[in-house]
Amino acid sequence: MPINDLEARVDPAAHGTDADATVAALVARSNALGSDPRITNYAGGNTSATGTDTDPVTGEPVDLLWVKGSGGDLGTLTPAGLAVLRLDRVRALQHVYPGVEREDEMVAAFDHCLFGKGGAAPSIDTAMHALVRAPHVDHLHPDAGIAIATAADGPALTERIFGEKVVWVPWRRPGFQLGLDIAAVERDHPEAIGTVLGGHGITAWGDTSDEAEANSRWIIDTAERYIAANGRPEPFGPVRPGYQALPTEERRARAAALAPTIRGIAGHEKPVVGHFTDTDVVLDFLASARAEELAALGTSCPDHFLRTKVKPLVLDLPASATVEDAIGRLHELHEQYRADYQAYYDRHADEDSPAIRGADPLIVLVPGVGMFSYGRDAQTARVAGEFYTNAVNVMRGAESLSTYAPIDEAEKFRIEYWALEEAKLQRMPAPKVLATRIALVTGAASGIGKAIATRLAADGAAVVIADLDLGKAQAAAAEIGDTDRAIGIAADVTSAAAVERAVQETLLHFGGLDLVVNNAGLSLSKSLLETTEQDWDLQHDVMAKGSFLVSKAAAKVLIEQGLGGDIVYISSKNSVFAGPNNIAYSATKADQAHQVRLLAAELGQHGVRVNGINPDGVVRGSGIFASGWGANRAATYGIDEQDLGAFYAQRTILKREVVPENVANAVAAICTSDFSHTTGLHVPVDAGVAAAFLR
């Protein structure tokens with residue numbers, strides 16, 4: 001039923017005409033609500049406010065709606081993330097609404113209601129904000145609220161818990177009709193402050209921003225208190241013997257051992273980045289008797305299964321099973337999962353449905369160990385895990401009070417393969433050239449290694465910066481971005497145990513490994529007679545032995561994943577060119593250079609490419625040169641150290657100085673698909689040194 005437009009107008013006396021204040025209050029409320037994972041998940045839910053501003057064309061006041069735009073996140077929302085629409089025009093759409101069968105057309109109609117440029121793109125939920133008469137509206141996905149929304153007796157629970165203050169709205173896919181349904185509740189139930197949306201979440205409203213937030217929090221807090229006071233103590237059933245969480249160190253070691261297999265499963269059709277979670281919420285769920293039964297029911301809130309697929313893959317073995325048995329069973333379950341997902345698609349797809357988006361799981365649950373989640377990048381993978389944690393909390397709440405009853409499979413398919421969602425996916429920018437690649441770069445806190453890590457991250461890779469100095473490694477990672485883009489870890493490449501720990505940390509943080517750069521190095525410039533046994537051993541331990549240890553540990557992962565990969569050695573012009581006073585360094589670099597050829601021949605059968613980069617004269621920003629090598633080389637050539645870079649440049653064919661970024665560019669290029677058929681190659685980055693030409 002259409003809302004009376006006169007009744008629905010904003011009261012200027014209640015809100016003033018200060019649009020900036022209205023927007024500021026809305027953003028503050030959104031950030032406060034969105035920063036609490038109990039209240040809503042990343043990019044889930046939306047908030048709005050109405051107020052007045054001046055129409056620049058007429059000079060007259062105009063009633064506006066500010067609402068979180070499509071794809072935005074409440075916790076990090078800024079004014080730029082708001083869609084701005086003329087309230088009268090959005091509400092007038094009621095008169096041209098063609099009915100629920102064609103309601104998707106209304107999303108395009110919102111574009112005709114924008115005020116000025118309109119800000120962010122309006123979301124599908126715009127109608128529930130515009131059609132409710134209250135000036136401030138919140139739509140949220142709190143765990144406790146969805147627990148009530150997915151309980152088999154949700155309507156009765158809503159009345160029992162909230163009385164007349166909150167009204168049940170049966171499941172309806174997000175859209176214009178749902179907005180009309182909520183508006184009807186607000187109009188017909190003057191005592192109500194919000195709704196529980198069946199299978200979905202909650203809405204709340206208020207006359208002021210503070211009142212809307214208070215009402216949202218009251219609904220959530222009241223639901224939480226009721227569940228805590230009235231819920232069954234073991235909603236997931238008793239603990240299954242043998243399925244309890246393993247001790248921390250054992251658990252994480254097992255997770256790292258399984259991670260390559262599981263990533264290969266999740267990335268069977270298209271590559272993905274992963275995330276590992278072993279919180280008590282997840283581990284307690286997996287230890288319970290009903291974990292497999294409940295996981296099979298899948299999630300309910302649309303935001304949940306869009307990120308997690310309709311259900312996870314659950315390993316049905318106890319934590320005491322061997323790693324080998326777990327790997328074998330995971331492969332069997334993967335085949336079953338793919339067949340089940342294809343059957344799910346075939347049951348519900350019609351001629352207008354988008355093509356299947358892959359039949360591999362995005363959530364894999366391992367009893368005693370934890371949860372592996374996957375996505376197109378590290379943030380998406382992490383958020384998918386957060387969403388499934390929300391889903392576990394929802395199941396716990398629903399089963400505490402009632403029976404968990406998510407929306408049915410057909411409705412899930414309508415959401416997952418919704419034409420509007422497909423259009424949103426198609427509008428996403430093209431992935432960067434190294435998107436979904438996970439890189440481990442040794443000696444990367446400074447110089448060439450830091451430049452390589454920075455370039456790989458800029459091209460879309462998730463990067464692990466490994467260095468002897470943990471503080472410097474973490475600082476270098478922080479310069480690249482947050483921990484979804486890069487992390488810094490301590491690693492002594494001369495220690496097999498330390499290298500294994502570095503690879504394990506990579507697996508646990510990003511879920512896998514694709515690209516290894518053996519860059520860690522040092523040099524002591526001495527003549528043969530001055531070179532000690534300790535000098536020789538140190539350089540060979542760091543570069544020859546270190547590269548061997550890193551490549552060996554990485555190769556185990558790359559082979560088990562079955563996704564190919566790249567190993568790159570930062571060797572040197574000196575690996576093929578004989579110069580004075582650097583026997584230990586040059587001999588070590590020759591060792592590295594031949595490792596490239598040996599490993600290229602051995603690992604090619606697994607799709608792993610092994611290539612090398614031969615820099616020369618990288619003075620600027622180089623840790624090696626700064627540590628005394630530069631002074632010694634300058635003395636050898638009879639020049640001032642500050643002139644060394646220019647000296648090296650003048651002896652090259654191109655007369656150009658080589659800097660760390662030039663080496664990084666070569667690494668980035670050789671790891672792309674443009675070099676898909678190249679292995680065993682050494683690329684000179686020396687501005688042209690004829691004596692070092694490869695023959």
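Just so it is clear, the model here is predicted, and its values are computed rather than measured.
Residues satisfying the ring-ring contact (aromatic ring centres under 6.0 Å, His included) criterion with Tyr388, sequence neighbours excluded, are absent altogether. For the salt bridge (Lys or Arg N to Asp or Glu O under 4.0 Å) test, no residue two or more places apart in sequence or in another chain qualifies with Asp73.
When side chains are defined from C-beta on, Ile570 counts as touching Val517, because their heavy atoms get closer than 4.5 Å. By the 4.5 Å heavy-atom criterion applied to side chains, Leu513 and Leu440 are counted as neighbours. Contact check for Ser572 versus Phe577: no side-chain heavy atoms found under the 4.5 Å cut-off. For the pair Val27/Ser30, no side-chain contact is recorded, criterion being any heavy-atom separation below 4.5 Å from C-beta on. Side-chain contact between Leu599 and Ser551 is present, with at least one heavy-atom pair separated by less than 4.5 Å. In this structure, the side chains of Ile613 and Val667 come closer than 4.5 Å at one or more pairs of heavy atoms. Within the 4.5 Å cutoff, side-chain heavy atoms of Val383 are placed close to those of Arg307. Using a 4.5 Å heavy-atom cutoff, the side chains of Ile670 and Val568 are in contact.
Counted within 6.0 Å of CZ on Arg597, heavy atoms from surrounding residues, nucleotides or ligands total more than 12; the atom is thus considered enclosed. More than 12 heavy atoms of other residues, nucleotides or ligands lie within 6.0 Å of CD in Glu269, so this atom counts as buried by the packing criterion.
Using a 4.0 Å cut-off between charged side-chain N and carboxylate O, Asp566 and Arg437 make a salt bridge. Classification of Glu505 and Arg501 as a salt-bridged pair fails, no side-chain N sitting under 4.0 Å from a carboxylate O. Using a cut-off of 4.0 Å between Lys/Arg side-chain N and Asp/Glu carboxylate O, Lys556 and Glu500 are scored as salt-bridged.
A donor-acceptor pair under 3.5 Å links the side-chain atoms of Asp377 to the main chain of Thr380, judged by distance alone. Checked by atom type and distance alone, the side chain of Asp686 pairs as donor or acceptor with a backbone atom of Gly688 at under 3.5 Å. A distance-only check finds a donor-acceptor pair linking the side chain of Lys432 to the backbone of Ala458 [under 3.5 Å]. Here the side chain of Lys655 pairs no donor or acceptor atom with the backbone of Ala649 at under 3.5 angstrom. At distances below 3.5 Å, not a single donor-acceptor pair connects side-chain atoms of His509 with backbone N or O atoms of Ala486.
Nearest heavy atoms, Phe510 versus Asp484: CE2-O, 3.8 Å. The two atoms that bring Ala453 and Ile465 nearest to each other are CB-CG1, 3.8 Å, heavy atoms only. Here the closest heavy-atom approach between residue Ala83 and residue Ala120 is recorded as CB-O, 3.2 Å. When all heavy atoms of Gly617 and Tyr648 are compared, the pair lying nearest together is CA-CD1, 3.4 Å.
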Exercise. With salt bridge (Lys or Arg N to Asp or Glu O under 4.0 Å) as the test, would you mind laying out the steps for Arg251 and Asp278 before giving the verdict?
Key: CA-CA 9 Å; Arg251 180 169 75 239; Asp278 59 349; 3.1 Å; yes
Quiz item: Taking it one step at a time, do His606 and Leu558 satisfy side-chain contact (heavy atoms from CB on, under 4.5 Å)?
Solution: CA-CA 8 Å; His606 303 291; Leu558 299 177; over 6 Å; no
Practice problem: Evaluate salt bridge (Lys or Arg N to Asp or Glu O under 4.0 Å) for Asp514 paired with Arg263, printing each intermediate quantity in order. | Solution: CA-CA 11 Å; Asp514 303 291; Arg263 184 174 181 231; 2.8 Å; yes
Quiz item: Should Glu416 and Lys309 be marked as a salt bridge (Lys or Arg N to Asp or Glu O under 4.0 Å) after you check the CA-CA gap, both sets of side-chain angles, and the distance that decides it?
Solution: CA-CA 8 Å; Glu416 187 176 0; Lys309 272 195 161 68; 5.0 Å; no
Quiz prompt | From CA spacing to verdict: side chain to side chain donor-acceptor pair (under 3.5 Å), Glu661, Asn665 | solution = CA-CA 6 Å; Glu661 287 71 22; Asn665 293 342; over 6 Å; no
Exercise. Show your working on side-chain contact (heavy atoms from CB on, under 4.5 Å) between Leu82 and Val23 and close with a plain yes or no.
Key: CA-CA 9 Å; Leu82 296 170; Val23 169; 3.8 Å; yes
Exercise. Could you walk me through whether Tyr42 and Glu386 pass side chain to side chain donor-acceptor pair (under 3.5 Å), step by step?
Key: CA-CA 8 Å; Tyr42 178 82; Glu386 292 172 1; over 6 Å; no
Exercise. Assess whether side-chain contact (heavy atoms from CB on, under 4.5 Å) is satisfied between Thr442 and Val499, documenting all intermediate values.
Key: CA-CA 10 Å; Thr442 65; Val499 168; over 6 Å; no
Exercise. Kindly indicate, with the supporting measurements, whether the criterion side-chain contact (heavy atoms from CB on, under 4.5 Å) is fulfilled by Val658 and Arg656.
Key: CA-CA 6 Å; Val658 180; Arg656 297 173 183 169; over 6 Å; no
Quiz item: Between Asp616 and Arg651, is a salt bridge (Lys or Arg N to Asp or Glu O under 4.0 Å) present by the stated rule, with each step listed?
Solution: CA-CA 11 Å; Asp616 182 50; Arg651 73 182 188 180; 3.1 Å; yes
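Note that OG1 of Thr652 is 10.0 Å distant from CD of Glu657, once rounded to the nearest 0.5 Å.
Side chains of Ser495 and Asp492: no donor on one and acceptor on the other come within 3.5 Å. Between the side chains of His540 and Thr588, at least one donor N or O lies within less than 3.5 Å of an accepting N or O. Under 3.5 Å, the side chains of Ser547 and Gln592 contain a donor-acceptor pair of N or O atoms.
Only one option out of Leu563, Val503, Thr506, Ile438 pairs with Val557 in a side chain to side chain contact (heavy atoms under 4.5 Å, CB included); it is Val503. Only one option out of Leu362, Leu330, Val366, Asp360 pairs with Leu313 in a side chain to side chain contact (heavy atoms under 4.5 Å, CB included); it is Leu330.
Aromatic ring pairs are classed by plane angle as parallel below 30°, tilted from 30° to 60° and perpendicular above 60°; the pair Tyr341 and Tyr417 is tilted.
Within the structure, every pair that satisfies the salt bridge (charged side-chain N to carboxylate O under 4.0 Å, His left out) test and touches residues 534-543, not counting sequence neighbours, is listed here: Lys526-Asp535.
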